[in-house]
Protein chains: 2
Amino acid sequence: MTTQRARSGRVTIHDLARESGVSVSTVSKALNDNGRMAAETRARIKRIAAEIGFRPNALARGLLSSRSFTIGLLTNDTYGRFTLPVMAGISEALVDHGVSVFLCAIEDDPALGKVHVDAMLDKQVDGIIATGKRIDRSLPVDLAGLPVPVVYAFTAGAPESVTFTADDAQGAALATAWLKKIGRRSLVHITGPEDFVSVGERASAFAREAGGNAPVLYGIWSESWGHRAIADLWSAGGRLPDGIFCGNDQIARGVIDALRERGVRVPDDVSVIGFDNWEILAEQTRPPLTTIDMNLKELGREAGLMVLALAEGRPAEPGLRKLPCKLVVRQSCGGAGTAE
Amino acid sequence: MTTQRARSGRVTIHDLARESGVSVSTVSKALNDNGRMAAETRARIKRIAAEIGFRPNALARGLLSSRSFTIGLLTNDTYGRFTLPVMAGISEALVDHGVSVFLCAIEDDPALGKVHVDAMLDKQVDGIIATGKRIDRSLPVDLAGLPVPVVYAFTAGAPESVTFTADDAQGAALATAWLKKIGRRSLVHITGPEDFVSVGERASAFAREAGGNAPVLYGIWSESWGHRAIADLWSAGGRLPDGIFCGNDQIARGVIDALRERGVRVPDDVSVIGFDNWEILAEQTRPPLTTIDMNLKELGREAGLMVLALAEGRPAEPGLRKLPCKLVVRQSCGGAGTAE
DNA sequence: AATCGATGAGAAAACGTTTTCTCATATTGA
DNA sequence: TCAATATGAGAAAACGTTTTCTCATCGATT
């Protein structure tokens with residue numbers, strides 16, 4: 001066999017044509033199931049292609065089709081707590097379609113953002129997904145008017161764009177309803193900074209579900225705040241809660257630690273429920289945390305399919321799409337499903 | 001101005017040539033500072049290029065140069081605790097060179113790994129970086145004999161490959177020396193599973209630095225193990241440690257929580273030092289954790305520059321490169337720098 | 001036996017660059 | 001004034017595909 005490789009060291013369609021004794025056009029048509037040709041010829045070419053390991057050069061293909069089968073993912077979430085599940089969902093949804101994902105971590109640096117966006121456009125990405133840490137802040141880079149479709153996930157989108165986020169109100173209602181179902185009657189919501197839109201939505205839903213005078217305590221997204229909130233509540237001398245809905249898992253962790261230090265038993269005396277289902281934290285908490293999962297992977301999957309649809313010219317209704325959260329029952333609330 | 005855009009909607013070199021009244025060859029040479037031409041012509045073309053926003057199509061360029069200015073990053077680290085800093089380093093190092101990074105999360109699925117590797121090769125990546133969670137396990141995919149250079153970071157590499165990892169022994173020695181410098185004399189090392197190579201290296205370095213009979217307790221990488229180890233130590237009735245070196249920050253967290261529950265003060269009575277500098281955990285621990293940082297971002301940077309060097313044909317010595325760890329002083333050891 | 005349609009396969013153009021080669025003109029030296 | 005050289009710029013090929021067009025052959029229909 002006289003396989004004379006091209007300079008690049010990779011098998012090209014010309015090598016395959018020579019090896020098969022046909023022209024490159026015939027090879028192309030054979031492999032793509034296009035054009036007319038003898039079934040036997042088609043099969044033979046396919047067989048030889050597999051034999052010599054021919055794989056078409058995506059650059060050449062993309063040059064012609066102006067589709068690169070590549071999308072860009074922009075994020076400013078350094079720790080990847082939110083981005084990573086979203087990314088996993090995107091990647092999972094798109095790998096089946098042969099699409100690869102450029103990951104660009106741009107922190108909060110507009111200059112860096114521009115560099116990355118330009119690099120992606122030069123590489124002819126079919127679309128861009130922007131992700132962040134909160135739905136009420138946008139990335140420090142202007143993505144309006146780009147020559148490719150842009151989809152936003154978990155970050156504020158441009159007007160008339162497609163944006164995905166978790167349904168905070170529904171998630172909060174789910175958590176609150178669960179506490180009530182467990183039999184808790186005196187509820188409190190310990191959450192993050194009031195200026196987060198998510199915080200407001202969750203607080204409203206909590207109030208709606210728990211009754212208007214159930215207290216909401218605003219603070220920061222840290223264990224220490226959860227800790228301090230419990231100290232405040234227990235020293236204030238008012239009516240003590242028996243069900244606590246926390247704005248995230250870190251706060252819940254602080255709350256549970258503080259309760260234990262006071263000799264309050266979780267879940268026997270007080271039920272605690274978190275938000276985020278940050279597994280590595282939720283599973284290590286003692287007891288493991290019952291919490292709300294925002295289905296970020298699913299969110300990523302939908303965002304991925306959406307940007308693909310837009311790239312292929314299929315139209316989509318612009319606007320904010322809220323995806324439902326789900327409850328993950330562990331042990332910090334008690335009444336695990338069947339009990340109660 | 002009669003800028004007639006190409007079908008793709010993007011400005012091409014032909015548009016620019018027409019606009020400038022010269023040929024495409026001249027434009028190309030002008031922009032790349034190649035060939036001979038009047039300085040004035042060159043400047044004019046560059047000016048018009050900037051005006052109409054011409055950016056060369058990286059696909060077309062890559063087709064010709066067989067350089068795509070793209071690399072692939074393979075990881076099986078779902079939570080991104082190790083991968084994310086490495087990724088950040090790689091990206092940071094390469095963005096200056098115009099190189100973008102494909103992120104492929106392959107879990108532990110060989111089939112998925114192959115799909116992603118094939119997709120990357122089709123897209124003509126200039127090189128691949130494989131990263132993982134531990135240096136003594138390899139990814140579930142064979143990267144030997146690929147037509148592009150492969151660099152390994154924090155995962156086991158093929159023979160004769162270039163591999164980067166953190167210097168576990170040096171990091172452990174650093175931690176142990178710090179405990180001694182603080183004035184601790186009775187040291188113990190609470191760490192992860194014995195079958196991790198890193199665990200062995202750190203334990204040896206600890207023994208060397210702390211004295212041969214300082215105990216090493218092997219367990220798992222979780223808070224609960226740190227908790228239980230303290231329970232065991234305190235109930236065993238032997239000599240109690242005043243300095244504890246933990247195999248990771250999670251164990252340290254469990255250790256500190258367990259000590260507090262026993263009324264043992266950290267750092268007054270016992271100093272605790274962690275490993276990993278997982279900031280989101282280390283900073284939230286009470287007291288904040290003094291720990292060893294593996295410089296993963298720097299590791300990523302070096303891996304990025306290495307794969308670039310190899311892609312450009314520059315030779316490199318194969319073998320395992322161990323990058324030094326650094327000490328991050330917070331409050332869990334006391335004696336913060338100046339004290340003692 | 002002449003024409004028609006169907007079938008199989010190749011030639012060539014196209015995608016957007018870069019690079020090599022060629023050529024015309026301008027400049028220099030005698 | 002003529003040749004030799006330097007200079008500026010364009011033509012064309014190349015990269016690896018896909019797609020459209022053309023053409024030759026063959027069997028079937030009159």
Side-chain angles (χ1 to χ4, degrees), chain A residues 4-46 48-49 52-69 98 121-124 126 147, chain B residues 4-46 48-49 52-69 98 121-124 126 147:
Chain A
Q4 185 78 13
R5 292 279 185 73
R7 281 216 321 284
S8 77
R10 256 124 134 153
V11 181
T12 76
I13 200 174
H14 289 96
D15 302 324
L16 177 50
R18 194 174 339 101
E19 204 70 22
S20 312
V22 297
S23 71
V24 290
S25 351
T26 303
V27 170
S28 176
K29 286 182 294 190
L31 297 181
N32 296 306
D33 287 322
N34 274 344
R36 295 179 310 215
M37 64 196 307
E40 187 267 334
T41 310
R42 203 183 287 279
R44 185 171 53 89
I45 294 177
K46 282 184 174 176
I48 299 181
I52 67 177
F54 169 73
R55 313 215 77 215
N57 181 326
L59 262 43
R61 188 180 267 192
L63 189 55
L64 209 49
S65 64
S66 41
R67 284 282 317 271
S68 64
F69 289 91
L121 291 177
D122 290 352
K123 283 165 187 139
Q124 311 292 116
D126 297 333
Chain B
Q4 186 78 16
R5 292 279 185 72
R7 282 215 323 283
S8 77
R10 255 123 133 154
V11 181
T12 77
I13 200 173
H14 289 96
D15 301 325
L16 178 50
R18 192 172 343 98
E19 205 69 24
S20 312
V22 296
S23 70
V24 290
S25 352
T26 304
V27 170
S28 177
K29 286 182 293 188
L31 297 182
N32 295 306
D33 288 323
N34 274 346
R36 294 179 311 212
M37 64 197 306
E40 187 267 335
T41 310
R42 204 183 286 278
R44 183 170 55 88
I45 293 176
K46 283 184 174 176
I48 299 180
I52 68 177
F54 168 73
R55 314 214 75 212
N57 180 327
L59 262 43
R61 189 181 269 194
L63 189 54
L64 210 49
S65 64
S66 41
R67 284 284 314 274
S68 65
F69 288 91
L121 291 177
D122 290 352
K123 283 165 187 139
Q124 311 291 117
D126 297 333

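Proteins come first, then strands; the chains are lettered A, B, ... in the order of their sequence lines, and each starts at number 1. What you are looking at is a predicted structure, and each value in this text was computed from that prediction instead of being measured.
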- Any side-chain heavy atom of B:Phe69 within less than 4.5 Å of one from A:Asp122? no
- If you check every side-chain atom of B:Ser28, which of D:dG8, C:dT18, D:dT18 has the closest atom? C:dT18
- How close or far is atom C1' of C:dT18 from atom CG of B:Leu16, stated in whole angstroms? 15 Å
- Task: Grab the CG-P distance between B:Leu63 and D:dG16 for me, whole Å please.
- Result: 7 Å
- Can you tell me the distance, in whole Å, between the CZ atom of A:Phe54 and the P atom of D:dG16? 10 Å
- Starting from the 5' end of DNA chain C, give me the residue, A:Val24 or A:Met37, whose nearest nucleotide shows up first. A:Met37
- Item | Atom pair distance, as rounded to whole Å: CG in A:Leu121 and P in C:dG16 | 16 Å
- Task: Take the protein atom CD1 of B:Ile13 and the nucleotide atom P of D:dG10, then report the distance between them rounded to whole Å.
- Result: 12 Å
- Message: Please determine whether a side-chain nitrogen or oxygen atom of B:Asn32 lies at a distance below 4.0 Å from atom OP1 or OP2 of C:dT18.
- Response: yes
- Task: Would you mind classifying the nucleic acid contact of A:Arg61 as base, sugar-phosphate or nothing, using non-hydrogen atoms under 4.0 angstrom?
- Result: sugar-phosphate
- Item | Side-chain-base donor-acceptor pair under 3.5 Å for B:Lys29 and D:dG8 | no
- Of all the choices, C:dT18, C:dG16, C:dA14, which nucleotide is nearest to the side chain of B:Leu64 once you look at every atom? C:dT18
- Task: Mind calculating the distance between CG (A:Leu59) and C1' (D:dA14) to the nearest angstrom?
- Result: 15 Å
- Query: Is there a side-chain contact between A:Arg44 and A:Val22 (heavy atoms, below 4.5 Å)?
  - Reply: yes
- Task: Decide yes or no for B:Ile13 and B:Leu31: does some side-chain heavy atom of the first lie under 4.5 Å from some side-chain heavy atom of the second?
- Result: no
- Task: Mind jotting down which residue pairs meet the salt bridge (Lys or Arg N to Asp or Glu O under 4.0 Å) criterion with at least one end in residues 26-43 of chain A? Sequence neighbours excluded, please.
- Result: A:Asp33-A:Arg42, A:Asp33-A:Lys46
- Going by modelled atom types, is there a donor-acceptor pair between the base of C:dA11 and the side chain of A:Ser25 at under 3.5 Å? yes
- Task: Could you work out which one of D:dG16, D:dA9, D:dT19 sits closest to the side chain of A:His14?
- Result: D:dG16
- Query: Is the backbone N or O of B:Ser68 less than 3.5 Å from a side-chain atom of B:Lys123, with the two atoms forming a donor-acceptor pair by type?
  - Reply: no
- Message: Can you work out whether B:Ala60 or B:Asn34 has the more 5'-proximal nearest nucleotide on DNA chain C?
- Response: B:Ala60
- Message: Taking 4.0 Å as the cut-off, does a side-chain nitrogen or oxygen of B:Thr26 come that near to OP1 or OP2 on D:dG10?
- Response: yes
- Message: Quick check for you: among D:dA9, C:dT17, D:dT17, whose closest atom lies nearest to any side-chain atom of B:Asn57?
- Response: C:dT17
- Side-chain heavy-atom pair A:Ile45, A:Thr41 within 4.5 angstrom cut-off: yes
- Message: Just the rounded figure in Å: distance from P of D:dT5 to CZ of B:Arg36.
- Response: 14 Å
- Message: Just to be sure I understand the rule, does A:Thr41 reach a base, reach only the sugar-phosphate, or reach nothing, if contact means heavy atoms closer than 4.0 Å?
- Response: sugar-phosphate
- Calculate the interatomic distance between B:Arg42 atom CZ and D:dT7 atom C1'; express it in whole Å. 12 Å
- Query: So what does B:Arg67 hit on the nucleic acid, given a heavy-atom distance under 4.0 Å: a base, only sugar-phosphate, or nothing?
  - Reply: nothing
